[in-house]
Every structure is written in C-alpha cells, then in structure tokens.
Amino acid sequence: MDPIVALMQQVVDDVSDDDSGSPASYIPELATVDPDRLAFAVVGPRGIVRSVGDDEVEFTIQSISKPFVLAHVLSRQGLDAVMKRVGTEPSGEPFNAISLEEGTGRPENPMVNAGAIATTGMVEGADVAERTRRILETLSAFAGRELRVDESVYRSESTTGDRNRALGHLMRSYGIVDAPVDVALETYFRQCSILVTVRDLSVMASTLAFGGVNPVTGERVASERVARDVLSIMSSCGMYDFSGEWLLRVGLPAKSGVSGGVLAVAPSQFGVAAFSPRLDRHGNSVRGQAIVATMSDRMGMHLLEPHESISQPIVDITETPEGRVIRLSGELGFAAAERVLAVLRDLAVATPSGSTISLDARELARSHPAALVALKVELDGLPASITLLE
Ligand code: GLN
C-alpha cells in the first residue's frame, strides 16, 4: 500500500470508534444521513488525490461553500468592496447568530451565516438561476469536476430557513444586501446544497494551498492574493466559535459545514478534507476535526512551527574559465537571503584576488523583493567583486 494511504488509514482507524455528537437535524433532510460515514482525502503538490473510507459518498457542502463564494466575489469586486459589506473579525458566536456591527449593520465575517449571505448577495446575475450558475462554475473549477445542487436538501433548507431569511431582511435594511432578500437567500440555500465528495473537498482545499491553481487540472482558479485573503479569514474565523482553539491546537486554516465535512489547508504542502456527520456543540464534525488534527500533528503541518526549508533557494556553484558562478533557483525568502550571504562571504574570503564571482538570480522561480534588496546591499560590503545577474 502507498505509505501515505497507509498513514491516512491509520489516522481514520484511530478515530473511528468515537461516536459522540449527532448529525444536524435543524435542516430535516440532513438528519436522514448515515451517521457512521467516515472519509478522508489528501492532495499534495503534484495533484494526486489519495483517499480512504467512504470517499465516493456525496453530501451537501453547506458552509464549506462560504470561502469559495468569498473567493468569487473577491476576484470580481476586490477586497475593499467586500469589506464594505462584511467584516473580518472572529465572531466568537455560533454560526447562525443574529448579530451585526452596531451602526453599519455589517456581519462579523464571511464564514458565519450572516456574512455568507452578504457575500452571496454580491454575486452578480439577473436571477437565482444565473447567480447559482456562477457559483457552481466557481466551485466546480476549484473541485476540478462539474458539481450540481441536491434539490431535496435545497427544498428542505428553504422550507426551514426563516432564521437565515431574518438575517437577510435585517441586512437589507442596512443596505448590506442589495439584492432582493428572496434572491439572495434562495441562492444561498442552493449554494449550501451543492453535492461534493471528500475527494472534491480535498481538491478545493489544495487549490487554496497552491495559491489558487488547482493542482489536478492545472487551471488557475483564483489569484494568489485572493487565495491568501481567503485563507487568512479561514484561519481566524473558519471554525466558528472554536476558531481560536483550532488555530492553537491544529494550526491550519480550515472550514467546516453542518453536513459533517471539514477541509484544511497547509499552504504549499497539502489540501486535506474529512467527512463524518456527527457534530459537536459548535456545529463542527467530531471525527472530521480529529482526523485533521491528528494528520497535522503527525505530519508537522502546524503553520506556526519552524520549518528549515522555508523559502530556501537551491545554491549551485560552478567553476568556469571566467570565474565562479553561483546559481540560485527555487525561492529566495528574506531569512534565506541571510544564509546565501553567509555562503558568499565564505567564498569571497577564499577567492584569490583578481578572480570574479557572479551570482545568477535569473532562475529564481520566486524571490521576495525585500530579500533581493537585502542581498544587494550586503554584496557591496564583501571582500571580492560579485556581479549580480537578475
Ligand atoms: N445551510 C446551513 C445554514 O445556513 C449552513 C450552516 C453550516 O454549515 N454551518 O444554516
């Protein structure tokens, strides 16, 4: 067995006995799910989807749609336009809380229901069908497969969605929602009722992990900045009133939904997703969270722990008749510039006077502007003449 799949199976086996919590029942159709379903999927940089458990079972995406609809409106209308209508502060309140900022009527963030209804209200289109089509297109591009709406879950949500409608009316009274309330709300209910598998969610997560490029299809779905903005908001707000403790213990931007899905993102490394319908009191999947937490721990994915290789370029030194050539490739981050300088210093000291060193930075896939500036400033102080090619 593939060693990563074996590791994943081990993680799933370790959490499978926990039957605490219960599936959401306030949307009647969600209560009909088999509560024992359990699935886990991971996608790395080469776009290989690995999954274990009930990985072919479809369930509705629910709140996990929120970061992707946010990406949609950020891409089209920009951060400032979005922030006029919704804040970016963790709410510390349940996902369906009726609470808006005093004075402005802005919801706290786009990951709770009020904020998501505000962002869904920004999706352009003449009617519910056109707005839903735009959302489906975006989510399908993130997933790398054509997604569709589960009509019976949609009807169930719409029939029982008065609390969300109340939020919509309140926000329209403040001018946060421009669209007619029924258009914004029915679009929101349809967006929550889009069917996905755990494999779809892992691909969607990985598209955010790799700066907006879907690693399976190779398609750029969002800009690097939009992916970064979405991940920032997921980090502080993605797990509702458990977001702070989640960041502390697991250390990954994540998003959960009431049907039992959860996805998490290790930037530049992995997108992961889990599915298990029993929820805790915050509305987050009990075993889904345990899977992601265990995986983060075993693979050292916590964002805030130190990593030796962050932004470390590959340094290749060759001797040519014209002198020494030092080629940098990969990525040059700020901290790594220090280490490149240390190598250059040693070389400069050991270089006989009269011979030259050239530093070729043209093959760097990515360099952070401040890193290159720091490097240039220091080059002048070295005891040998170094030519920088950039
Ligand atoms: N459709 C659900 C609702 O609006 C989504 C909530 C969630 O997944 N937390 O209540």
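Whatever order the structure lists ligands and atoms in, that order sets their numbers, starting from 1.
- Counted within 6.0 Å of CZ on R249, heavy atoms from surrounding residues, nucleotides or ligands total 12 or fewer; the atom is thus considered open.
- The nearest heavy-atom contact from the protein to atom 1 (N) of ligand 1 is Q62 OE1, 2.6 Å.
- Protein heavy atom nearest atom 4 (O) of ligand 1, with residue, atom name and distance: Y188 OH, 2.7 Å.
- Using bins of under 30°, 30° to 60° and over 60° for the plane-to-plane angle, the ring pair F95/Y26 lands in the tilted bin.
- Near C192, meaning under 4.0 Å from one of its heavy atoms, ligand 1 places the atoms 1 (N).
- Taking all heavy atoms of F95, Y26, F189 into account, the minimum distance to atom 3 (C) of ligand 1 is reached by Y26.
- The ligand atoms of ligand 1 that sit less than 4.0 angstrom from a heavy atom of G257 are 8 (O).
- Annotation: I27 places no N or O atom under 3.5 Å from an N or O atom of ligand 1; distance criterion only.
- Contacts with ligand 1 closer than 4.0 Å are made by side-chain heavy atoms of E157 only, the backbone lying farther away.
- At a 4.0 Å cut-off, at least one heavy atom of N164 sits close enough to ligand 1 to count as contact.
- Contact annotation for S63 and ligand 1: heavy atoms of both the backbone and the side chain come within less than 4.0 Å of the ligand.
- Contact check on R131 versus E186 returns no salt bridge, with no Lys/Arg side-chain nitrogen under 4.0 Å from an Asp/Glu carboxylate oxygen.
- With sequence neighbours excluded, no residue satisfies ring pair (Phe, Tyr, Trp, His ring centres under 6.0 Å) with H302.
- Between D18 and R278 there is no salt bridge, since no side-chain nitrogen of the basic residue lies less than 4.0 Å from a carboxylate oxygen of the acidic one.
- Atoms of ligand 1 found under 4.0 Å from any heavy atom of Y240, numbered from 1 in the order shown, are 7 (C), 8 (O), 9 (N).
- Contacts with ligand 1 closer than 4.0 Å are made by side-chain heavy atoms of N113 only, the backbone lying farther away.
- The local environment of CZ in R148 is sparse, with at most 12 non-hydrogen atoms from other residues, nucleotides or ligands closer than 6.0 Å.
- For the pairing with R287, the side-chain hydrogen bond (donor to acceptor under 3.5 Å, both in side chains) check across S20, S16, S276 returns one residue only, S276.
- Taking V213 as the reference, R220 meet the side-chain contact (heavy atoms from CB on, under 4.5 Å) condition, with sequence neighbours excluded.
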